[in-house]
Amino acid sequence: MLLVTDVGNSNITLGVFDGENLEATFRLTTKIPRTSDEYGIVLRNLLEHSQIRVTDILAVVISSVVPNVMHSLTSAIIKYIHVTPLIVAPGIRTGIRIATENPRQIGADRIVDAVGAYGLYGGPVIVIDYGTATTFDLVDASGAFLAGVIAPGIRTSAKALWEEAAKLPEIEICKPKSILAQETISSMQAGLVYGQIGQTEYIIRHMKEEFAAGEIKVVATGGLGKTIASETTSIDIYDPNLTLHGMRLIYEKQK
């Protein structure tokens, strides 16, 4: 079995594959400091809870945008799972070509998403990840990563609202009953959700216009991506496990 580990700014998402089948997923909070032993115990407990034996894990792939957790996490995997993980980094075979001005500036999370979208759905494709940041990345029909847009994520925008405006409360992020909001909480929800929908449609439209290469699929992922995807026709596919599948595909490229 293959264990894939996506270390994001907010969460660490893990998936276990048996071949192409995703057998289990887990999620940890990134911002809680942990030692290698703490990571190791948590990982073993999560696997055992899903009836997955540690000895069944034959390979591990890690994609990370948070360098300060990598030493503890990789040490935990080596010590408790007895596998040296493959790290998604410059020089690794991915099946796509980074054709931007500075390829080393493209985060591992964006590369993995691009690999997943292109590998599963073909190109050209715009892949959107609704995370701490919302990213829009373009991969052409040949598998070249050409360009991307980075915007504040919906939770990041929400946090800025209630931390910087003294009278605005912390709220649940969800679509309100109407955009014609009549009190503070639903007004904030309307601004956050409909604002993200409008941003999504505008950026997709202009990326398609400037690329000018005919039909382009749009694939979305990320925690709040489902909410946005259900409210716009600009997104063709919502795949919550796109990043995990991207790491699986990268692992298969190394064989």
Side-chain angles (χ1 to χ4, degrees), residues 1-18 20-34 36 39-40 42-43 46-47 50 52 57 59-78 80-81 83-90 92-96 98 106-121 127-137 139 145 148 150 153-156 219-226 237-254:
M1 287 185 166
L2 170 68
L3 172 65
V4 297
T5 308
D6 174 39
V7 183
N9 289 293
S10 300
N11 295 300
I12 299 173
T13 305
L14 304 103
V16 178
F17 284 94
D18 184 1
E20 295 183 1
N21 298 319
L22 183 59
E23 299 293 334
T25 60
F26 317 104
R27 192 176 293 264
L28 303 174
T29 301
T30 305
K31 294 179 181 178
I32 297 176
R34 295 181 178 92
S36 59
Y39 273 122
V42 169
L43 289 174
L46 289 171
L47 292 171
S50 295
I52 298 170
I57 303 298
V60 179
V61 179
I62 300 177
S63 167
S64 175
V65 294
V66 188
N68 62 5
V69 309
M70 289 299 288
H71 177 73
S72 293
L73 182 60
T74 54
S75 296
I77 290 168
I78 292 169
Y80 285 86
I81 302 181
V83 172
T84 300
L86 172 70
I87 311 297
V88 178
I92 194 171
R93 290 193 296 275
T94 63
I96 63 170
I98 309 299
I106 305 300
D109 55 339
R110 296 170 66 192
I111 292 172
V112 168
D113 284 342
V115 170
Y118 182 74
L120 295 177
Y121 304 107
V127 54
I128 310 171
D129 192 338
Y130 293 94
T132 302
T134 299
T135 56
F136 302 76
D137 293 315
V139 180
F145 185 115
I150 302 174
I154 190 167
R155 291 191 190 279
T156 303
V219 179
T221 191
L224 288 166
K226 185 176 182 180
I237 300 162
Y238 172 70
D239 186 341
N241 298 313
L242 183 72
T243 306
L244 303 181
H245 281 284
M247 282 186 280
R248 174 183 62 79
L249 290 169
I250 287 174
Y251 169 72
E252 292 173 357
K253 294 289 183 183
Q254 313 313 306

Hey, are the side chains of I92 and K253 touching, using non-hydrogen atoms and a 4.5 Å cut-off? no
side-chain contact (heavy atoms from CB on, under 4.5 Å), that's the test. Do M247 and L2 meet it? Break it down for me. CA-CA 10 Å; M247 282 186 280; L2 170 68; over 6 Å; no
As a quick check of understanding, evaluate side-chain contact (heavy atoms from CB on, under 4.5 Å) for L244 and F17, giving each step before the final call. CA-CA 9 Å; L244 303 181; F17 284 94; 4.1 Å; yes
Interatomic spacing from CD1 in I81 to CG in L43 - rounded to 0.5 Å: 5.0 Å
V219 and A117 have their tightest heavy-atom pair at CB-CB, 4.5 Å
Tell me the closest heavy-atom pair linking G222 and D129, and the distance in Å. CA-OD1, 3.6 Å
Quick one: do I154 and Y130 satisfy side-chain contact (heavy atoms from CB on, under 4.5 Å)? Show the steps, please. CA-CA 8 Å; I154 190 167; Y130 293 94; 5.8 Å; no
When rounded to the nearest 0.5 Å, the distance separating OH of Y118 from CD1 of I96 is 9.5 Å
Grab the two heavy atoms, one from V112 and one from S63, that are nearest each other, plus how far apart they are. CG2-OG, 3.6 Å
With rounding to the nearest 0.5 Å, note down the distance linking OG1 in T132 to CD1 in I150. 12.0 Å
Ignoring hydrogens and angles, state whether a donor on the side chain of D113 or T243 is under 3.5 Å from an acceptor on the partner side chain. yes
Counting C-beta onward and ignoring hydrogens, is there a side-chain heavy-atom pair between I77 and Y39 closer than 4.5 Å? no
In Å and rounded to the nearest 0.5 Å, what is the CG to CE distance from D18 to M1? 4.5 Å
Going from OG1 on T221 to OH on Y238, what distance comes out if it is rounded to the nearest 0.5 angstrom? 5.5 Å
Exceeds 12 heavy-atom contacts within 6.0 angstrom, atom CZ of R155: no
Can you name the closest pair of heavy atoms from S64 and P67 and give their distance? OG-N, 4.4 Å
Distance-minimising heavy-atom pair for G8 and T30: O-OG1, 2.8 Å
Could you check whether any side-chain heavy atom of P85 comes within less than 4.5 Å of a side-chain heavy atom of I78, counting everything from C-beta outward? yes
Is it the case that the side chain of T74 and the backbone of H71 share a donor-acceptor pair, with hydrogens and angles ignored and the cut-off at 3.5 Å? yes
Indicate the atoms forming the closest heavy-atom contact of Q254 with R93, along with that distance. NE2-O, 2.5 Å
Matching residue for V61 among T5, L86, D6 - test: side chain to side chain contact (heavy atoms under 4.5 Å, CB included): L86
Non-hydrogen side-chain atoms of I106 and F145 separated by less than 4.5 Å: yes
To the nearest 0.5 Å, tell me how far R248 CZ sits from L3 CG. 14.5 Å
